[in-house]
Amino acid sequence: MSSFEYRNGKLHVESLPLEDIAREVGTPFFCYSTQAMVNAYNSFSDALSKAGVKGTICYALKANSNQSVIKTLAKAGAGADVVSEGELRRALAAGVDPKKIVFAGVGKKPSEMAAGLKAGILQFNVESLPELEALSQVATQLGVTAPIAFRINPDVDAKTHAKISTGKADNKFGIDIPGVRRFVEQAEALPNIAIESLAVHIGSQLTDASPFKDAFQRLATLYKELKSAGLPLKRIDFGGGLGIQYNDETPPDLSEYAAAVSEVLEGLDAECIFEPGRFLVGNAGVLVTETIYVKEGTNRRFLIIDAAMNDLIRPSLYDAWHDIIPLNQPAANAQLTPCDIVGPICESGDTFAQQRPLPEVKAGDFLAMESAGAYGAVMASNYNTRLNAPEVLVKSDQFAVVRKRIDYDTLIKQDVLPDWLS
Ligand SMILES: *Cc1c(COP(=O)(O)O)cnc(C)c1O
């Protein structure tokens, strides 16, 4: 994470000491590096170019949908992969070209479809016949044609955490390959639908290239078959899912990923879409927190910090690992003690790390939880009536709060008393 490194004993984000931001903004807060996001985008895009693959990179907004993040990536050239009307609106508000927007998701409602059709997006990734029938109806009512991709379920094991694995036949996602031909016949009979593309997305945080290769191969074979059977396909959407390094994983490198794509593209004459989310923003963000208390238990030392599972749920939800480091650089020979790093929430699941070797940390010390740029702020809640952690964006030596901490009054006033209680 070269955009986050120690300089003069202090953890910096680009040219700024994180501690300075912490003192001004208050903890906990998320901090994102513009440089890290743009570098990730450019490396993805360069790897594709080098492999001779032409395509649109549609950033999967669900990883981090802050307007500033979307706009930073859009300025670098990204389109958007959205999974709800809310995300569609966010993408449009950030200035993403509708012709670079893909609408994915198993449960799009007719009102959401209408929003996408009115915006004139590139394609809807369709996952079931009832969904396609609804889309045909909405498009007919609006007097437009809906460009679609069939999202294929290739029945491939992504070898990632079960909760973010989406490409096995037992998952709720996509159309099974054996059922595709029948599906195509039914689709062709529906009005105001243009079948343009096939899509796949087998899961998230993939650290092994082979599931990608299998899925892409199956998708390409199907593409060839359907095209020679007369279907006017022109695009392949390879989905997202490329993993990042949180701990000691070794995700496929970009050239290997791009090679897997270019290999299956041979002779297909297809445009490409990619939907990376985590890859573009995961390592571009940290969650900064302050140690409230150091509690010496009978067998354990607990660091009780002011960030909690409501701010970053990945450790409780996915048993995810985040590196946790002090903002003040420890001495090279500092003695390490195993600590449990926990939040203040009244659940034992509110634990970020167990028996993690750390140099001495005192109450008041700041810590950074690394790789918190993806699936962090977007999954946050106000559980325990905790205020949201604000989001900060850094560019070189400037920073800005790009999402404020909402105050208690505003938070409580979201509840409305009925007449009989007021
Ligand atoms: C979640 C998702 C993505 C992004 O996944 P990452 O692992 O963050 O790259 C892309 N496409 C679809 C359809 C998704 O559901």
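In each ligand, atom 1 is the first atom listed, and ligand 1 is the first ligand listed. All residue numbers refer to positions in the sequence shown, counting from 1.
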Atoms in ligand 1 flagged as close to [X], the criterion being non-hydrogen separation under 4.0 Å:
X: Arg151; answer: 13 (C)
X: Ala60; answer: 3 (C), 4 (C), 10 (C)
X: Pro276; answer: 9 (O)
X: Arg278; answer: 6 (P), 8 (O), 9 (O)
X: Glu275; answer: 3 (C), 4 (C), 9 (O), 10 (C), 11 (N), 12 (C), 13 (C)

Which pair of heavy atoms, one from [X] and one from [Y], lies closest together, and at what distance?
X: Leu73; Y: Met37; value: CD2-O, 3.9 Å
X: Val25; Y: Phe399; value: CG2-CE1, 3.9 Å
X: Ile305; Y: Pro344; value: O-CD, 3.2 Å
X: Asn171; Y: Thr166; value: OD1-C, 3.3 Å
X: Phe30; Y: Gly376; value: CZ-C, 3.8 Å
X: Met309; Y: Ser316; value: CB-OG, 3.5 Å

Atom 1 (C) of ligand 1 - nearest protein heavy atom and its distance: Lys62 NZ, 1.2 Å

Sub-4.0 Å heavy-atom approach of Gly241 to ligand 1: yes

Under 3.5 Å side-chain donor-acceptor pair for Ser197 and Asp237: no

Close N or O approach (Gly277, ligand 1; < 3.5 Å): yes

May I ask you to identify, for [X], whether its side chain, its backbone, both or neither come under 4.0 Å of ligand 1 on a heavy-atom basis?
X: Ser204; result: both
X: His201; result: side chain
X: Asp81; result: side chain

Working for ring-ring contact (aromatic ring centres under 6.0 Å, His included), residues Phe212 and Phe238: CA-CA 9 Å; Phe212 280 129; Phe238 290 92; 9.7 Å; no

Selection from Phe103, Tyr59, Tyr375, Phe279 by shortest heavy-atom distance to atom 8 (O) of ligand 1: Tyr375

